[in-house]
Amino acid sequence: MTDRYNIHSQLEHLQSKYIGTGHADTSKWEWLVNQHRDSYCSYMGHFDLLNYFAVTENESKARVRFNLMEKMLQPCGPPADKPEDA
């Protein structure tokens, strides 16, 4: 029983420390936004991927980096309206 509690508390600690790990109340939209932002950050952090995108889009590396930063604002569009419980 203590192992189960220990694993659960470790998971809660990770979820509070890192945004992208999610939690029980994470919506599908929030999870997708985290995935897209993580991907865009990875693309910008790996120089070779950034070069590849620049060549395939026929744009400069700075323009590709700027476009990726712009996409990070709302990568999945605005959040869906949540029905309010009365």
Side-chain angles (χ1 to χ4, degrees):
M1 184 68 176
T2 58
D3 290 338
R4 184 179 296 171
Y5 176 74
N6 189 19
I7 290 171
H8 185 65
S9 65
Q10 288 176 357
L11 184 61
E12 284 181 349
H13 175 71
L14 280 175
Q15 290 170 342
S16 67
K17 189 174 179 181
Y18 301 107
I19 294 171
T21 55
H23 51 81
D25 297 328
T26 302
S27 68
K28 180 180 177 182
W29 181 83
E30 291 171 333
W31 185 80
L32 284 172
V33 166
N34 286 333
Q35 292 296 315
H36 280 83
R37 286 184 179 156
D38 286 347
S39 296
Y40 293 147
C41 285
S42 177
Y43 300 156
M44 286 190 293
H46 290 89
F47 187 71
D48 292 333
L49 271 175
L50 197 63
N51 283 339
Y52 175 74
F53 291 148
V55 168
T56 57
E57 294 178 5
N58 197 23
E59 294 282 350
S60 67
K61 290 181 276 189
R63 174 55 66 181
V64 171
R65 183 177 283 119
F66 176 78
N67 289 340
L68 289 173
M69 295 276 285
E70 288 271 316
K71 288 180 185 179
M72 285 178 67
L73 292 176
Q74 282 191 337
C76 298
D81 294 332
K82 293 182 180 178
E84 295 192 23
D85 296 332

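Here the structure is a predicted model, which means the values were calculated and not measured.
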Measure the OH-CG distance between Y43 and L68 for me, rounded to the nearest 0.5 Å. 8.5 Å
Please name the pair of heavy atoms, one in K61 and one in N51, separated by the smallest distance, quoted to 0.1 Å. CD-OD1, 2.7 Å
Do the side chains of Q35 and P75 get nearer than 4.5 Å, heavy atoms only? no
Ignoring hydrogens and geometry, is there a side-chain-to-backbone donor-acceptor pair from T56 to Y52 under 3.5 Å? yes
Kindly say whether S27 contributes a backbone atom to a donor-acceptor pair with the side chain of E30 at under 3.5 angstrom? yes
Value rounded to 0.5 Å, distance of OH in Y40 from CG in N67: 10.5 Å
Exercise: identify the closest heavy-atom pair between V64 and A54: CG2-CA, 3.6 Å
Trace of the side-chain contact (heavy atoms from CB on, under 4.5 Å) decision for M72 with C41: CA-CA 9 Å; M72 285 178 67; C41 285; 3.4 Å; yes
Do side-chain atoms of R37 reach the backbone of L73 as a donor and acceptor pair under 3.5 angstrom? yes
Would you say the side chain of M44 lies within less than 4.5 Å of the side chain of M69, judging by non-hydrogen atoms? yes
